[in-house]
Amino acid sequence: MRTVHTNPLFPLQSATPRRLTSFLILHSQCSLAFTFSFPQFNAPNSDTFKHTEFLSLPLMRFSLTLSKTPFLAPIMASGSVSGSASLVWFRKGLRIHDNPALEYASKGSKSVYPVFVIDPHYMEPDPNAFSPGSTLAGLNRIRFLLESLVDLDLSLKKLGSRLLILKGEPSEVVIRCLKEWDIKKLCFEYDTEPYYQALDKKVKDYASTAGVEVFSPVSHTLFNPVDIIQKNGGRPAMSYQSFLKLAGQPSWASSPLSMSISSLPPIADVGSCEITEVPTVEELGYRDYEQDELMPFRGGESEALKRLRESISNKEWVANFEKPKGDPSAYAKPATTVLSPYLKFGCLSSRYFYQCLINVYKDVKKHTSPPVSLVGQLLWRDFFYTVAFGTPNFDRMKGNRICKQIPWNNDDELLAAWREARTGYPWIDAIMVQLRKWGWMHHLARHCVACFLTRGDLFVHWEKGRDVFERLLIDSDWAINNGNWMWLSCSSFFYQYNRIYSPVSFGKKYDPNGNYIRHFLPVLKDMPKQYIYEPWTAPLSVQTQAKCIIGRDYPKPWLVISLWSPSMVSHDSASKECKRKLGEAYALNQKLNGQVSEDDLKNLRRKLEENKEQESGSRRQKQKL
DNA sequence: AGATGGTTGCCGTA
DNA sequence: TACGGCAACCATCT
C-alpha cells in the first residue's frame, strides 16, 4: 500500500486509505458523516460514505470531503502537522485531576494519544481460577477497573479526546504504538511495583534507543519512596514513627494541585493499531457467572470525587477519625471512607485527598493524628510503598531480609476451607463471604481472617492468604497487601504473637446480635444471638428451630482445625499451638541472626512435630488416668 | 547495653 | 469504660 502525504490541515503525518478509514471511524462517535475518495488508486468514490454537510478540502495527493463537526475545530486550529505527538500511557492514575503525566503531554504537543493496554492475563477469563475472573484478578476488580476506564474515557471525550484501548502484552503494544504513531514524548506515572519496574524498563530502553522522550512523574503516592530511602541511608525505615520523621511534610502540600485540564490536543492517525472501546465484562468473555449480590462500589474518578466530597463534608467525623475505633461489622454504612479502591487505581489522587484533609483540620479546633487519623492512613500507604520498594523479594518469605523465616504449613485443604468460608467460625466465614461478594471488608475484619489463617489458628503460609486477597480485593495493592500479611502473620513490622484475635469474641463486642453474620451467612440468620458466634454450642432443638443443623447445613469448626492437628479441637488449643511454634521459630531466627536456611526450617518442622507427638501422647495418658 | 514505645488482643476486675 | 496481667516480641534511640 502506498503512503500518501496529506494536507497540512489534516493531522496525519502519512495517510493510507486504511489509516484514514480507521481515523474517521475512530471519530465517528462525534456523529461525523463524511465522504472521501482516493483518486490516485484509480477508484474514485469507491470508499464513499454517507454524508450530510460538506466541507471540501483540497488535498495534495488525494481528495477528501468532510462534514463540519466539532472535532474538526482543534484539528484545523492545530496548524502544521510537523509538531510532535505524545502518548499518555494509563495504568494506574486513572484520573484527570492531579495527573502530571497527562498535563505534561497536553502542553506543547500537536497530538496526544491517551492509551490503556488490556493485558489478557489480567482481564480475560481463566476457567481454572477458584473464583470468576482472570488468572490475576477476580471479576469484581475487573469490573471496577472497566468502570474506571469508562469514566476516564468520558472525561477525555469532554476534553476533545478519548481513551484508546489496545490489547496485548503491554510493553509490546506500547512500543508498537510509539513506532506506528511516530511518538516523540511518552508520558506515564512512575510505578514502584516490581511488575511495572520490569515492564517500564523494556519500554524505556526502547524509547532511549529510538530517541523518544520519557516523562514518568511520581504522582501515585505522597512522597517519592526513593527520597525517603535515601534520607535513611539507603534502607527504608522499618517503623511507622521513624517513617514519619523521615517523611516530614510533603513538598507540594501548600501549593495548589492542577485539578483540571481545559482541553487536550486531538488524537491523530491511529494507523494499523487495533483500537476498541472499553469492553464490557460480557465482551471479555464473562457470561455465565452468578451475580446474587452486586458489589456496592462503582469504579471511576467521578465516583471517587463524589465519595471524597461525601466523606469530608462531615468535618467532625474527619477530625475525630480513629481507625482502631471503627466497627468492622458495619456493612450497610462502612466505618471508613472506602476510598482505598479509588486510591489503588489512582481514580483519586492521594495528594488531593491529603490536601482536602489538611483543609478540614484547619477548620476544626482539634483533630486526631497519625497513625490513627485519616491523614495517618495515607501515610501508612506511603510507609508500605516505601518499605516495599526498598526491600528485595518483599512479596516472599524466602530471600526477604525483613521477613521472619517461619515453618508455615502449605495445607491446601485448610486454605480452601478458609477461602471458601467453611471454617465453622461464623465471624471468620462471614468476612470471607464479604470478601468474595464485595471485594472489600473493614480493615479489622481483614486482620481477623489473616490472623486466623496464619499465626492464630491454621498456621498456613501468609503467602497463600496474600494470594487470595490479591485476587479478590477490589483495592488489593501490591505493597500494602504484602506488608499487611507480613504484619498480621508476625513475619515483619509487628511481632507480638501472643495477641491473637479471637474468632468468637472480637466480632461479638462490636455486633452482639450477629447482624453482620446473618447478612453474609444467611444459613445462620435464624440462629439465636447467644449461639450465633458459636453455633456448635446450640442444643439440637435450637439448631432445628433455626433450620440450621451444625455439621450438615453449616460446618463444625473442629473438623477444620483438627485437619492440621488431630489433637486440636478448638481455637484455644490451636492458638496455643501456634504460639508455641512461633516462639520456637523466633528463637531460631534470633539464634541464626535471620540467616535461616531451608534445611534449618525443615529441622525445626521435624522438632515441632516430635514435640507435638510427645504432648498428645502424654495427654492421652492423662486422659486414660 | 538498657530503656522506650509500638495503628487496633483477651480476659478478669472494678 | 479503663486498668493490669498475660509473656515478652521488635526497631529505634540514648
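Residue numbers start from 1 in every chain, and the chains themselves are labelled A, B, ... in the order their sequence lines are given, proteins ahead of strands.
Around atom NZ of Lys509(A), more than 12 heavy atoms belonging to other residues, nucleotides or ligands sit under 6.0 Å away.
Closest to the Ser242(A) side chain, of the nucleotides dT12(C), dA11(C), dG9(B), is dT12(C). When distances run from any side-chain atom of Gln590(A) to the nucleotides dT7(B), dC9(C), dC10(C), the shortest one goes to dC10(C). In this structure, the nucleotide among dT7(B), dA8(C), dC9(C) sitting nearest to the side chain of His443(A) is dT7(B). Considering only side-chain atoms of Ser505(A), the nucleotide from dC10(B), dT7(B), dT8(B) that sits closest is dC10(B).
The nearest whole Å value for the distance from the NZ atom in Lys508(A) to the C1' atom in dC11(B) is 13 Å. Here dA8(C) presents its P atom at 15 Å from NZ of Lys404(A), a figure rounded to the nearest Å. We find that OH of Tyr240(A) is positioned 12 Å from P of dT8(B), with the value rounded to whole Å. Tyr495(A) has its OH atom 19 Å from the C1' atom of dG9(B), to the nearest Å.
Atom CZ of Arg381(A) sits about 6.5 Å away from atom CG of Asp477(A), to the nearest 0.5 Å.
Using atom P as the reference point in both dT7(B) and dG5(C), the two lie 23 Å apart (nearest Å). For the P atoms, the distance linking dG5(B) with dG4(C) amounts to 15 Å, nearest Å.
Residue Lys509(A) is classed as a sugar-phosphate contact, given heavy-atom separations below 4.0 Å to backbone atoms only. At a threshold of 4.0 angstrom between heavy atoms, the contacts of Phe493(A) with the nucleic acid are absent. Among the atoms of the strands shown, only primed sugar atoms or phosphate atoms (P, OP1, OP2) are found under 4.0 Å from some heavy atom of Gln241(A).
As the counterpart of dC10(C), dG5(B) is assigned, both hydrogen-bonding distances of the Watson-Crick or G-U wobble pattern falling under 3.5 Å.
Salt bridge present: Lys92(A) and Glu193(A) bring a charged side-chain N and a carboxylate O closer than 4.0 Å.
Side-chain contact check for Asn409(A) and Asp411(A): no donor-acceptor pair (N or O, by modelled atom type) lies under 3.5 Å.
Checked options Trp462(A), Phe469(A), Trp408(A); the residue passing with Trp485(A) is Phe469(A) (criterion: ring-ring contact (aromatic ring centres under 6.0 Å, His included)).
The side-chain ring of Trp380(A) is stacked on the base of dT7(B), judged by centre separation under 5.5 angstrom and plane angle under 30 degrees.
Nearest-nucleotide mapping onto DNA chain C: of Arg499(A) and Tyr586(A), the residue sitting toward the 5' end is Arg499(A).
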